[in-house]
Amino acid sequence: MVKHAVLSSGTKLWRSLACAKSELRLDLTLACGQSFRWKETAEGHWTGVMGGRVWTLTQTDDTLWYYLYTKQNNQSGGDVSLQDNNKRADRRSKDDQRKDEEEPQAVSSQQDSEMEAEVMLRDYFQLHVKLGDLYREWGEADPHFKKIADIFTGVRILRQDPTECLFSFICTSNNHISRIQGMVERLCQALGTPLGQLDQTAYYDFPTLSSLADCSVEACLRDLGFGYRARFLQQSAKQILDSHGLQWLEGLRRVSYLEARDALRTLPGVGTKVADCVCLMCLDKPDAVPVDTHVWQIAQRDYKYAADKRQKSLTEKVHRDIGGFFRKLWGPYAGWAHSVLFCADLKKFQSLKEKACFNQLETEEEEEKCSKTEIKREFDGRGLNMMSENQKKAKMCVKEENTVR
DNA sequence: GTTTAACCTTG
DNA sequence: AAGGTTAAA
């Protein structure tokens, strides 16, 4: 049985590329809710599907390590073949293919595939975008960002497959991450091509547009617990194929943000927020700022954003205003900056924040002493640390009121 | 142009 | 309630 790869058991079959953690943090980037299919299969090791292949990724201080599994053909047990490589080439953009044509075919097929894997990875993580520079710019423009950014470094926007991204985000309405992950997993299991098995886990490609458009899909997905989203998924797939064609989604990469956003919003189940997520996370629109309830809260709590007339809900106007506000604050990569704050606000990453806060508290207040009675009074059963953390949080709030605006 | 309620499940 | 969208007032 094939097992999940682990770096410590030998680096021979792993490949690597130079990449500092300030440019990419796998744990934050892969688990902050922009993609739903990467799983931590061993400590610091993330396994998932990208470009129709199964990968395990991990990192050390200045190196990103990747392990690309050979294709397990369930029928014949075949290995990676030239045919597979050609298939993958077909999936890539025309620009990439044109480059290939211009290059002399002097490299061996193994070197070629190694090169291709690295190209895919660089593309997926958009490593040409210098995150360190952007963090510095956002920090100079926004003191609150700077404070968060020191803890949440290396949060990148992935360049996902448009079909996977769109249909995953149609699942996100009125929903939370843990359930979305389960739904996407079941979606791939039910309608996607099997890619192989590692330990007890089977991996699948994301379903194609054609398979999603089939009339039977709605009933199938309702059985799998998708609720009212089942119809949206099937209808959107059908609408894209019927009135636009297979290449339409990827083509939206080459039109403006506003045009892509409006085009997406014609699809059932795609409103302002989902359209912005898709624009940002797979259509090369780094200025798209998805405004959901969390981002709205962030805007109010950390930026003293007040709606015109005490808006009770996330209206279209609030979306526009908050998106515009953050674009003005952070510039053309506002969507990337937004994801850093979004990530920092996730419950699952609070421990990270609290740890840093605790350390900072200690350095700031080395001479200050809390009396034991105070600790006892504040202790609420969640652990002694929490008291200091809450103090720190309150302190941060006061600071924010002084620094923001 | 704005507001409200219903929509499917489950952690 | 939970990362929203839609239809109808």
Side-chain angles (χ1 to χ4, degrees), chain A residues 28-38 152 155 157-158 160 164-187 190 217-240 261-282 288-302 305-324 326 334-350:
Chain A
L28 301 177
T29 301
L30 298 179
C32 68
Q34 52 176 321
S35 67
F36 302 97
R37 298 218 290 154
W38 289 98
F152 291 86
V155 179
I157 294 296
L158 302 171
Q160 299 185 63
E164 170 161 356
C165 188
L166 170 63
F167 289 89
S168 296
F169 275 95
I170 291 178
C171 299
T172 62
S173 75
N174 220 327
N175 214 343
H176 44 274
I177 292 182
S178 64
R179 187 180 167 214
I180 298 164
Q181 285 170 333
M183 285 165 62
V184 173
E185 197 173 318
R186 293 196 293 280
L187 178 69
V217 162
E218 180 182 349
C220 169
L221 294 182
R222 277 195 182 266
D223 286 342
L224 293 176
F226 280 66
Y228 60 87
R229 303 168 197 84
R231 181 158 34 141
F232 289 156
L233 291 164
Q234 190 272 331
Q235 283 187 157
S236 280
K238 183 163 168 48
Q239 187 172 313
I240 291 172
R261 185 165 170 272
D262 287 341
L264 290 168
R265 287 181 41 146
T266 64
L267 301 170
V270 181
T272 310
K273 190 269 178 177
V274 169
D276 275 332
C277 284
V278 176
C279 280
L280 175 64
M281 299 170 188
C282 68
V289 179
V291 178
D292 59 23
T293 57
H294 287 228
V295 175
W296 191 30
Q297 279 177 33
I298 291 170
Q300 293 177 105
R301 166 167 49 82
D302 302 332
Y305 171 86
D308 285 344
K309 299 176 276 180
R310 253 180 212 182
Q311 303 266 21
K312 176 81 173 82
S313 64
L314 256 177
T315 62
E316 195 55 36
K317 179 172 161 48
V318 176
H319 273 103
R320 270 202 315 276
D321 287 354
I322 295 182
F326 283 131
W336 286 55
H338 135 281
S339 81
V340 178
L341 295 196
F342 182 88
C343 180
D345 223 45
L346 288 173
K347 192 173 288 180
K348 69 168 113 178
F349 292 133
Q350 290 316 293

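Numbered from 1 within each chain, the chains take letters A, B, ... in sequence-line order. Computed over heavy atoms, backbone and side chain alike; hydrogens, waters and symmetry mates excluded.
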TODO: Tell me what A/P290 touches on the nucleic acid: a base, only sugar-phosphate, or nothing, going by heavy atoms under 4.0 Å.
DONE: nothing

Task: Atom-pair distance (NE2 on A/H176; C1' on B/dC8), nearest Å - done: 12 Å

- [ ] May I ask you to say what A/V295 touches in the nucleic acid, namely base, sugar-phosphate or nothing, with a heavy-atom cut-off under 4.0 Å?
- [x] nothing

Task: 5′-ward residue of the pair A/R265/A/L346 relative to DNA chain C - done: A/L346

Task: Residue whose closest nucleotide on DNA chain B lies nearer the 5' end, A/E316 versus A/G227 - done: A/E316

- [ ] Output yes when at least one side-chain N/O atom of A/R222 is less than 4.0 Å from OP1 or OP2 of B/dC8, else no.
- [x] yes

Open item on the list: Could you check whether A/T272 and A/E316, counting side-chain N and O atoms only, form a donor-acceptor pair closer than 3.5 Å?
Closed with: yes

- [ ] Figure out the CD/C1' separation between A/E218 and B/dC7, and round it to whole Å.
- [x] 13 Å

Open item on the list: Going by ring pair (Phe, Tyr, Trp, His ring centres under 6.0 Å), name the residues that satisfy it together with A/H176, two or more places apart in sequence or in a different chain.
Closed with: none

- [ ] Report the residue from A/T172, A/I180, A/N174, A/L221 that forms a side-chain contact (heavy atoms from CB on, under 4.5 Å) with A/R229.
- [x] A/N174

- [ ] Write down the atom of A/I170, the atom of A/S236, and the distance for their closest heavy-atom approach.
- [x] CD1-OG, 3.8 Å

Task: Length of the CG-C1' vector between A/L314 and C/dA1, whole Å - done: 15 Å

TODO: Tell which nucleotide pairs with B/dT3, taking only Watson-Crick or G-U wobble pairs whose two distances are both under 3.5 angstrom.
DONE: C/dA8

- [ ] Please confirm whether any donor atom in the side chain of A/R179 sits under 3.5 Å from an acceptor in the base of B/dT10, or the reverse.
- [x] no

Open item on the list: Against A/R37, only a single residue in A/E185, A/Q160, A/E164 fulfils side-chain contact (heavy atoms from CB on, under 4.5 Å); can you say which?
Closed with: A/E164

Task: Spacing of A/L233 atom CG relative to C/dG4 atom P, expressed in whole Å - done: 16 Å

Task: Touch class at under 4.0 angstrom, heavy-atom based, for A/G269 against every strand present - done: sugar-phosphate

TODO: Just call it for A/C32: base, sugar-phosphate, or nothing, with non-hydrogen atoms closer than 4.0 Å on any strand.
DONE: base

Open item on the list: Measuring from the side chain of A/T315 (C-beta onward, heavy atoms only), which nucleotide among B/dG11, B/dT3, C/dG4 has the closest atom?
Closed with: B/dT3

- [ ] Between C/dA2, B/dT2, C/dT5, spot the one nearest the side chain of A/K273, thanks.
- [x] C/dT5

- [ ] Starting from the 5' end of DNA chain C, give me the residue, A/D292 or A/F232, whose nearest nucleotide shows up first.
- [x] A/D292

Open item on the list: In this structure, how many angstroms lie between the P atom of B/dC8 and the CZ atom of A/R186, rounded?
Closed with: 16 Å

Open item on the list: Tell me the interatomic distance from A/K348, atom NZ, to B/dG11, atom C1', rounded to whole angstroms.
Closed with: 14 Å

TODO: Provide, to the nearest angstrom, the distance between the CD1 atom belonging to A/I170 and the P atom belonging to C/dT6.
DONE: 9 Å

Task: P spacing across the pair B/dC8 / C/dA8, given as an integer number of angstrom - done: 14 Å

- [ ] Take the protein atom CE of A/M183 and the nucleotide atom P of C/dG4, then report the distance between them rounded to whole Å.
- [x] 13 Å

Open item on the list: Please tell me whether A/F167 and A/F232 form a close aromatic pair, meaning their ring centres lie under 6.0 Å apart.
Closed with: no

Task: A/R229 side-chain proximity, nearest of B/dG11, B/dC8, B/dT2 - done: B/dC8

